[in-house]
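A short write-up of the structure that comes next.
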There are 2 protein chains.
Amino acid sequence: MASLLEGQARPIRLADIAKAAGVSHGTASNVFSRPEIVRAEVRERVKAVAEQMGYAGPDPKGRLLRAGKVNAIGVATTEPLSYFFDDPFARVMMAGISEACDATGAGIALVSAANQEKLAWNIQSALVDGFVLFCIEGGSRLVDLTRERRLPFVALELGFQDETVSAIGVDNVAGARLAARHLAELGHRRFAVLSLGFADNRTGFATPEAVRSAVYTGTRDRLAGYFEELSRFGIDTAKIPVYETENEEKSTRAGLEAIFAKGEPPTAILAMSDRMALIAIDWLRARGLNVPGDVSIVGFDGVPDGALATPPLTTIAQPIIEIGRRAARMILDHDGAVRRETMGVEFVVRGSTGPAPKA
Amino acid sequence: MASLLEGQARPIRLADIAKAAGVSHGTASNVFSRPEIVRAEVRERVKAVAEQMGYAGPDPKGRLLRAGKVNAIGVATTEPLSYFFDDPFARVMMAGISEACDATGAGIALVSAANQEKLAWNIQSALVDGFVLFCIEGGSRLVDLTRERRLPFVALELGFQDETVSAIGVDNVAGARLAARHLAELGHRRFAVLSLGFADNRTGFATPEAVRSAVYTGTRDRLAGYFEELSRFGIDTAKIPVYETENEEKSTRAGLEAIFAKGEPPTAILAMSDRMALIAIDWLRARGLNVPGDVSIVGFDGVPDGALATPPLTTIAQPIIEIGRRAARMILDHDGAVRRETMGVEFVVRGSTGPAPKA
DNA sequence: CATTTTTATTGGATCGATTCAAATTCCGCT
DNA sequence: AGCGGAATTTGAATCGATCCAATAAAAATG
């Protein structure tokens, strides 16, 4: 038999063992994928040959092409890959996605890329059945890129209006109002807002025009929620400084500097993310200001870190895990329909908010 | 032309647009993969046809089979998928892996499965060029399963002897000695050890025989390191209780109960993981015992949470990030060789250790 | 204008499996 | 022995691309 001509550089294919065992490809294939339909004797012979030739089992690359389905979902973002393991929000979301995938035995492929071209390529070439998109930043670009793949996808935290895209989000207006009302009821009258972007690549105080022409409607809605509620308490929202950050350390600190450099410092800060809120707590304490004694802060998101901070963060909690689960399931049992889900938020009062100072 | 018979359920293939554009499939392929070698005029025509027919671009499934390389590495464990996002150790490791993958543009596929058969299937069918194995538990099974794929793989935290497997680990003996010496020098004489498993699925006090016949040599080495050093201080190591846990909440607490139920309680605990050490701190404080006043604790691993605990954890820090990076690179630029790397550890003194109580 | 070079295009072979209709073998029964 | 139906096995077709040797067309050279 032609089985001892070793030194073969190429790995063994199913066809090789079929030949060696003297059966057709079809039968050989069945031995591995539906062993029950092949006669025991033949089955054992083929398996023995496979074993002896060092066959690694049917190559998934080949199987994939025929089967069409990868049985994995891609999770994509414009941030570097480590974002999935570093960022608290992403981590909780991933836990939800993991749960849904575990339940059906699907895999997870992480897709990301610092630079633009690589991102495009990575999305084009990802071996997945669909995508979950983290649209924290540059969301529209990510959506455009993904749409080209013509695979099902869901956008998360998608801050912009596009009814043709499946998305899961939260009720931003309602959440924001809850936060604002809480602070107003505590007697606060001087506010500042740490805002997410209204459009890409911008930081600094947001002008009314910038707000009006917002690309990211999520940001716009949160601000609208804050303002609506504060107006009801007779507060002049036109005077409230709104600082757009990139939701990271540097620009958030810059925002705080700018806000507190102004005439009358705020006694309450509305932060559109827990990340910014946590940075703010840190910044304020370093400045000798007491939280919540001098300044109260409400975050947005409900990441677990918030509960561990000192003081623990009052926040508008999204059902992050549940969003992750649903997103994954939407891809896993995709039916071709465009779905838009809006989840409720929960108001969590902890230690970072208190009555307005007397002064 | 045959372009308006809509209602086509099947997605468009490259061959379809080649036909529609009146070129060979070879040329059509070039338009997408090496546009520079096809005449501008033809290129534009084909692209236009593709656009107009709604072609999603070359399907990676097809490309993959031809190319042979997936350009992704699989990261596998026997824990559920969420482990990668929950566990502090795993997260730091993943950050290292991410870094290396980002640098070369490779993707990451997460592979896991609660139950045994699914794990086997998931490993067999993962579309990857190689694996990084988290051998926290059931490591030998994971290695066996992966070996069948005949793809390159590296075992991490592999606690067992098998020189035929590429692995990256740390100098367990040296690390353990550092921890033990530190405590002995602080005057401690009564010790207890919170141990990782010596074999699968076992908890409870470890017998000398269990230690001698250890499957996991990592565990054995750490214990050996502890004992060697303590012996040098004239401590009778035979009397030290060694409790095997599953490195999680329940069995660790059970271990502590058992240890403190014995006659003379220890004044120092050597934990083989930060996870157990952190749980121990929590358990002790809940019991009204002061750390390090009444009991000192040294962990092992050096996860970031340790620094944030109260008191901050004294520990033997592994270069986790670096291990992750190296593991990924080992797969990414694999040369067929079996590599075994042993990394050094760093002793980090923080607040969970202090002088032995006077009593 | 004939000849060599260069540049584009073609179409068959290949990657490694699975599927399915058709052909064959096996069995029990009269 | 002959027959029908069930159990197996076969081998061609398919999945969707890329590669490459051969060919054709265009451009450069003598």
Side-chain angles (χ1 to χ4, degrees), chain A residues 8-46 49-50 53-71 121 124-129 149-151, chain B residues 8-46 49-50 53-71 121 124-129 149-151:
Chain A
Q8 23 89 54
R10 272 175 46 270
I12 297 93
R13 307 193 308 301
L14 183 52
D16 298 328
I17 80 135
K19 177 133 50 96
V23 296
S24 68
H25 327 288
T27 299
S29 171
N30 286 335
V31 168
F32 294 97
S33 41
R34 302 138 82 198
E36 69 283 1
I37 74 163
V38 18
R39 195 153 44 95
E41 189 200 334
V42 176
R43 194 198 315 142
E44 294 315 318
R45 176 157 47 93
V46 174
V49 172
M53 293 181 72
Y55 180 54
D59 188 329
K61 295 202 283 293
R63 190 211 312 280
L64 171 61
L65 183 53
R66 188 83 246 265
K69 248 193 120 222
V70 184
N71 198 34
W121 172 254
Q124 277 165 30
S125 62
L127 291 158
V128 297
D129 299 319
R149 262 308 281 280
R150 293 174 204 252
L151 285 176
Chain B
Q8 22 90 51
R10 272 179 39 272
I12 298 94
R13 308 194 306 300
L14 184 53
D16 298 328
I17 80 138
K19 178 132 53 97
V23 297
S24 71
H25 54 271
T27 299
S29 171
N30 287 334
V31 167
F32 292 96
S33 40
R34 302 139 81 197
E36 69 283 2
I37 75 162
V38 18
R39 196 151 44 95
E41 188 199 335
V42 175
R43 193 199 315 145
E44 294 315 319
R45 175 155 49 93
V46 174
V49 171
M53 292 179 74
Y55 180 55
D59 187 330
K61 295 202 285 292
R63 189 211 313 278
L64 171 61
L65 183 54
R66 190 81 245 263
K69 248 195 121 220
V70 184
N71 198 33
W121 172 254
Q124 276 165 31
S125 62
L127 291 158
V128 298
D129 299 319
R149 263 308 281 280
R150 294 173 204 254
L151 286 177

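Chain identifiers are assigned alphabetically (A, B, ...) following the order of the sequence lines, protein sequences preceding nucleic acid strands; residue numbering begins at 1 within each chain. Heavy atoms only: backbone and side chains are in, while hydrogens, waters and symmetry mates are out.
The two residues Val49(B) and Ala21(B) have their closest heavy-atom pair at CG2-CB, 3.9 Å. Contact detail for Ala50(B) and Ile17(B): the closest heavy-atom pair is CB-CD1, 3.8 Å.
Atom-to-atom, NZ of Lys19(A) to P of dT9(D) comes out at 20 Å; the value is rounded to the nearest Å. We find that CD1 of Ile12(B) is positioned 11 Å from P of dG16(D), with the value rounded to whole Å. Taking atom NZ of Lys61(B) as the reference point, atom P of dT18(C) lies 16 Å away to the nearest angstrom. One can place CG of Asp129(A) at 18 Å from P of dC15(D), the figure rounded to the nearest angstrom. Atom pair Met53(A):CE and dG16(C):P shows a separation of 14 Å (rounding to whole Å applied). Between the CZ atom of Phe32(B) and the P atom of dT18(D) there is a distance of 9 Å, rounded to whole Å. One can place CZ of Arg13(A) at 14 Å from P of dT18(C), the figure rounded to the nearest angstrom. Rounded to a whole Å, the CG atom of Asp59(A) is 18 Å from the P atom of dT14(C).
Looking only at side-chain heavy atoms (C-beta outward), Val70(A) and Asp129(A) come within less than 4.5 Å of each other.
With sequence neighbours left out, the salt bridge (Lys or Arg N to Asp or Glu O under 4.0 Å) criterion links Asp59(A) to Lys61(A). Looking at residues two or more places apart in sequence or on another chain, you find a side chain to side chain contact (heavy atoms under 4.5 Å, CB included) between Ala28(B) and Leu14(B), Ala18(B), Val23(B). Not counting sequence neighbours, the partners of Thr27(B) by the side-chain hydrogen bond (donor to acceptor under 3.5 Å, both in side chains) test are Ser24(B). Evaluation of the side chain to side chain contact (heavy atoms under 4.5 Å, CB included) rule for Arg149(B) yields Pro60(A), Ile123(B), Ala126(B), Phe131(B), Leu151(B) as partners, not counting sequence neighbours.
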field: Contact pattern, 5' to 3', of nucleotides 6-12 of chain C - B, S or - by protein heavy atom under 4.0 Å
entry: --SSBBB
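Comparing the helix axis at one end of the helix from dC1(C)-dG30(D) to dT30(C)-dA1(D) with that at the other, each defined from 5 consecutive pairs, gives an inter-axis angle of 50° (nearest 10°).
Among residue pairs with one or both ends in residues 11-24 of chain B, those qualifying as salt bridge (Lys or Arg N to Asp or Glu O under 4.0 Å) are Arg13(B)-Asp16(B); sequence neighbours excluded.
Proximity of residues 63-71 of chain A to DNA chain D (heavy atom under 4.0 angstrom from any strand atom) is restricted to Leu65(A), Arg66(A).
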Validation: residues 31-39 of chain A side-chain donor-acceptor distances under 3.5 Å, sequence neighbours left out:
from: Ser33(A); atom 1: OG; to: Ser29(A); atom 2: O; distance (Å): 2.8
from: Arg34(A); atom 1: NH1; to: Asn30(A); atom 2: OD1; distance (Å): 3.3
from: Arg39(A); atom 1: NH1; to: Glu41(A); atom 2: OE1; distance (Å): 2.9

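At dA17(D), none of the side-chain N or O atoms of Ser29(B) fall inside 4.0 Å of OP1 or OP2 (strictly under the cut-off).
Among the atoms of the strands shown, only primed sugar atoms or phosphate atoms (P, OP1, OP2) are found under 4.0 Å from some heavy atom of Tyr55(B).
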